[in-house]
A.B. asks: 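Handing you this structure, nothing more for now.
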Amino acid sequence: MWYHKPAINEELLQSLPNLKVVASSGVGIDHLDLKLLSSYGVKVSNTPFIVSTDTADMGMALLLASSRRVVEGHEMAVSPDTECFPADWLGVEVSGATLGIVGMGTIGYKVAERAKAFEMKILYHNRNQRKKEEESAVGAVYCKKIDDLLQQSDFVLLAVNLTPQTHKLIGKRELELMKPTATLINISRGLVVDQDALVEALQNKVIKAAALDVTYPEPLPRDHPLLKLKNVIITPHIGSATKTTRWVMMEEMAESIEAGLAGLPVPREVL
Amino acid sequence: VGKKVQAIYLWWHKPVINKELLQSLPNLKVIANSGVGMDHLDLKLVASFGVKMANAPRAVSSSTADTGMALLLASARRLVEVHNISISPSMEYREADVLGVKLAGATLGIIGMGSIGYKIALRAKAFEMKILYHNRTRRKVQDEQAVGATYCRRIDSLLQQADFVMLVVSLTPQTHKLIGKKELELMKPTATLINISRGAVVDQEALVAALQTGVIRAAALDVTSPEPLPRDHPLLKLKNVIITPHLGIKTDKATYMITEEAVENILAALSGLPLPSEVLPS
């Protein structure tokens, strides 16, 4: 299964009586009805860990590109109309700023490790607090209430799974709690954010900018307001899109399939 | 008016400091530069008029290191290309058009390991990159170990092994066109060149040729010769090039800190005290 295709539903499963295993690419499994698959005796696997560094890198790439206005800057540098570079054209400093990570799993933690090297202050919100040693290693401070994180962060990065609890986790209320100088970065799933509320917040300068590797749907309709906002960077869900990682993902998926077909324990099985 | 001027705060190389200007300002005591690079100043000429010079080294290092990393990441993950795909009317693309380079385990070669180069090494280490560096002098062992950096006494050795080559040197007669045809050909065909130093450190024509023929994979340039480039310059049209308008220190915080440093130097000079960051002609 690659990029959530084909869609797995009752009709498909009924038409494939000998289906033994579904190997899904990447770590997210929100597009799969695990109960349904289980009821047909089909095993499911994903590729959870190999994607972590690339996805964390993508989060940092978006954070840096947004704060330092790399995309806008490039456009200015190559535009036929540019005569000189304005002296007062400024971005936002990353070093020493506060990063709030929502979702401190494997990927969120790797983002924290990277951000620490930029001398950033790190806050995090997670279902559970991490161990003290893990927190100290990256200098991360736990925010039991997401509101505290939102109010203090210069950059808010979403690295949660999509579940019924995280659906529209960031809506109008959360955006209004954020600083007007803050940037929202999303490397989780489009549905974690109330997209209409985000558009409004960006248009009314409730927050400063957004950088999104994920949207809902993917891709967005071509007339969607997010595509036209100057303070938005959008990338086509490429969190794990590097040659090296894609190669390993395919190897892992093939391995899981072979095990499933041989009746052996399936590596990276999702239960 | 000329007789009243005792200090100049140079912002983005303006005003141009030449003999005429210096002669018209007999009471000038100090020129404070915004930023760290001094290649636009004739240090000997200024000193011959008894005028002190200062730069702002402390304020720039983090912001410039951040810019280097921003360009490294933007190039590795093809950020400008994929953003344009995402907002394009057709949004048709092949998987191969969006695949980037994995940083964990890749090798970064830093040419110029001063304060800025070192901060880049600290950042790159957190991305699990292997770090090589080339510098006029070798750093202390503890400094190398803290970032896991290996010294390359010969620049060729760094160029041959690096997946990303980052230029962080000052512009001097020795570093002028440091990276030319020979150096580009030593680099891997899968390698990326990132320049946050000065445009003149790179032989720009050789770079264009190398990018057009696949001698190297890509380039990300915060600095060029001149700035901005002429609008018909080939670098502006290459898909595998990101150019930014000398962003190095262009942040709210850095601008503030640079001005503070400049003011400190100016006040010291006017009081006849030692300057915190004086620059002497070498």
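Lettering follows sequence order; numbering is per chain, from 1.
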A.B. asks: Once rounded to the nearest 0.5 Å, what's the spacing between atom CE of M76(A) and atom CG of L247(B)?
C.D. replies: 8.0 Å
A.B. asks: By a 4.5 Å heavy-atom criterion (distance strictly below it), what part of T235(A) contacts chain B: side chain, backbone, both, or neither?
C.D. replies: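 It is both, since atoms from each part get that close.
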A.B. asks: Less than 4.5 Å to any heavy atom of chain A: does that hold for the side chain of K125(B), its backbone, both, or neither?
C.D. replies: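 Looking at K125(B), nothing touches chain A.
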A.B. asks: Pick from L122(B), I85(B), I242(B), T255(B): which one has the most heavy-atom pairs with chain A under 4.5 Å?
C.D. replies: I242(B)
A.B. asks: Picking from S79(A), S240(A), S67(A), which has the most non-hydrogen pairs under 4.5 angstrom with chain B?
C.D. replies: S79(A)
A.B. asks: Side chain, backbone, both or neither: which part of E95(B) has a non-hydrogen atom closer than 4.5 Å to chain A?
C.D. replies: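 Side chain of E95(B) only, per the 4.5 Å heavy-atom cut-off to chain A.
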A.B. asks: Atom CH2 of residue position W247(A) - does it have more than 12 heavy atoms of other residues, nucleotides or ligands inside 6.0 Å?
C.D. replies: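 Not buried by this count: 12 neighbours or fewer within 6.0 Å.
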A.B. asks: Against chain A, work out which of A96(B), A126(B), A74(B) has the most heavy-atom pairs shorter than 4.5 Å and name it.
C.D. replies: A126(B)
A.B. asks: For chain A, which candidate among T224(B), V98(B), D222(B) shows the most heavy-atom pairs at distances under 4.5 Å?
C.D. replies: V98(B)
A.B. asks: Tell me whether the count of non-hydrogen atoms from other residues, nucleotides or ligands lying under 6.0 Å of CD in E260(B) goes above 12.
C.D. replies: yes
A.B. asks: Checking heavy atoms, do the side chain of P245(B), its backbone, both or neither come under 4.5 Å from chain A?
C.D. replies: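 Contact with chain A is through both the backbone and side chain of P245(B).
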A.B. asks: If we define contacts as heavy-atom pairs under 4.5 Å, which of R69(A), H74(A), E75(A) has the most with chain B?
C.D. replies: H74(A)
A.B. asks: Report yes if the side chains of F127(B) and E113(A) come closer than 4.5 Å at any heavy-atom pair, otherwise no.
C.D. replies: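 No, side chains not in contact.
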A.B. asks: Which pair of non-hydrogen atoms, one from W89(A) and one from K250(B), has the smallest distance, and what is that distance?
C.D. replies: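 That would be O-CD, 3.3 Å.
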A.B. asks: Enter the distance from L71(B):CG to L64(A):CG here, rounded to the nearest 0.5 Å.
C.D. replies: 9.5 Å
A.B. asks: Taking the side chain as every heavy atom from C-beta outward, state whether D57(A) and L73(B) have any atom pair closer than 4.5 Å.
C.D. replies: yes
A.B. asks: Do any N or O atoms from the side chain of R77(B) and from the backbone of G239(A) form a donor-acceptor pair under 3.5 angstrom?
C.D. replies: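 A pair under 3.5 Å: yes.
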A.B. asks: Most heavy-atom pairs under 4.5 angstrom with chain A, which of L72(B), V82(B), D66(B)?
C.D. replies: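 Ranked by heavy-atom pairs under 4.5 Å with chain A, first place is D66(B).
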A.B. asks: So which residue, D88(A), D223(A), T245(A), I238(A), ends up with the most heavy-atom pairs under 4.5 Å with chain B?
C.D. replies: I238(A)
A.B. asks: Counting heavy-atom pairs under 4.5 Å to chain B, which of D81(A), T244(A), V92(A), V71(A) comes out on top?
C.D. replies: V92(A)
A.B. asks: Just how far is it from atom NE2 of H246(B) to atom CZ of F85(A), taken to the nearest 0.5 Å?
C.D. replies: 10.0 Å
A.B. asks: Does any backbone or side-chain atom of W2(A) lie under 4.5 Å from a heavy atom of chain B? Answer side chain, backbone, both or neither.
C.D. replies: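 Looking at W2(A), just its side chain touches chain B.
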A.B. asks: What part of I249(B) is in contact with chain A, defined as an atom under 4.5 angstrom from a non-hydrogen atom: side chain, backbone, both or neither?
C.D. replies: backbone
A.B. asks: Decide salt bridge (charged side-chain N to carboxylate O under 4.0 Å, His left out) for R231(B) and E83(A); before the verdict, give the C-alpha distance in whole Å, the side-chain angles of both, and the deciding distance to 0.1 Å.
C.D. replies: CA-CA 9 Å; R231(B) 297 296 86 189; E83(A) 285 174 10; over 6 Å; no
A.B. asks: Within the 3.5 Å criterion, strictly below it, is a donor on R123(B) or S95(A) matched to an acceptor on the partner's side chain?
C.D. replies: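 Checked: R123(B)/S95(A) side chains pair up, N/O donor to acceptor below 3.5 Å.
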A.B. asks: Locate the shortest heavy-atom distance separating L227(A) from S86(B); write the atom from each residue and the value.
C.D. replies: CD2-O, 3.7 Å
A.B. asks: Find the one option among A115(A), P80(A), A65(A), P86(A) whose heavy-atom pairs under 4.5 Å with chain B are most numerous.
C.D. replies: P80(A)
A.B. asks: Less than 4.5 Å apart, side chain to side chain, heavy atoms only: is that true for T242(A) and V101(B)?
C.D. replies: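 No, side chains not in contact.
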A.B. asks: Counting heavy-atom pairs closer than 4.5 Å to chain B, which one of E93(A), K228(A), K243(A), R246(A) comes out on top?
C.D. replies: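 If we count pairs closer than 4.5 Å to chain B, E93(A) comes out on top.
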A.B. asks: Can you find a heavy atom in the side chain of L79(B) that is under 4.5 Å from one in the side chain of M58(A)?
C.D. replies: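 Result yes, sub-4.5 Å side-chain heavy-atom pair found.
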A.B. asks: If only side-chain N and O atoms count, and only distance matters, is there a donor-acceptor pair under 3.5 Å linking T251(B) with R68(A)?
C.D. replies: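 Looking only at side-chain atoms, T251(B) and R68(A) do not form any donor-acceptor pair under 3.5 Å.
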A.B. asks: For the side chain of H83(B) and the backbone of I234(A), is there at least one donor-acceptor N/O pair under 3.5 Å apart?
C.D. replies: yes
A.B. asks: As an exercise: rank K119(B), K253(B), R78(B), E81(B) by heavy-atom pairs under 4.5 Å with chain A and give me the winner.
C.D. replies: K253(B)
A.B. asks: Between R114(A) and E128(B), does any side-chain N to carboxylate O distance fall below 4.0 Å?
C.D. replies: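 Looking at R114(A) and E128(B), the cut-off is met.
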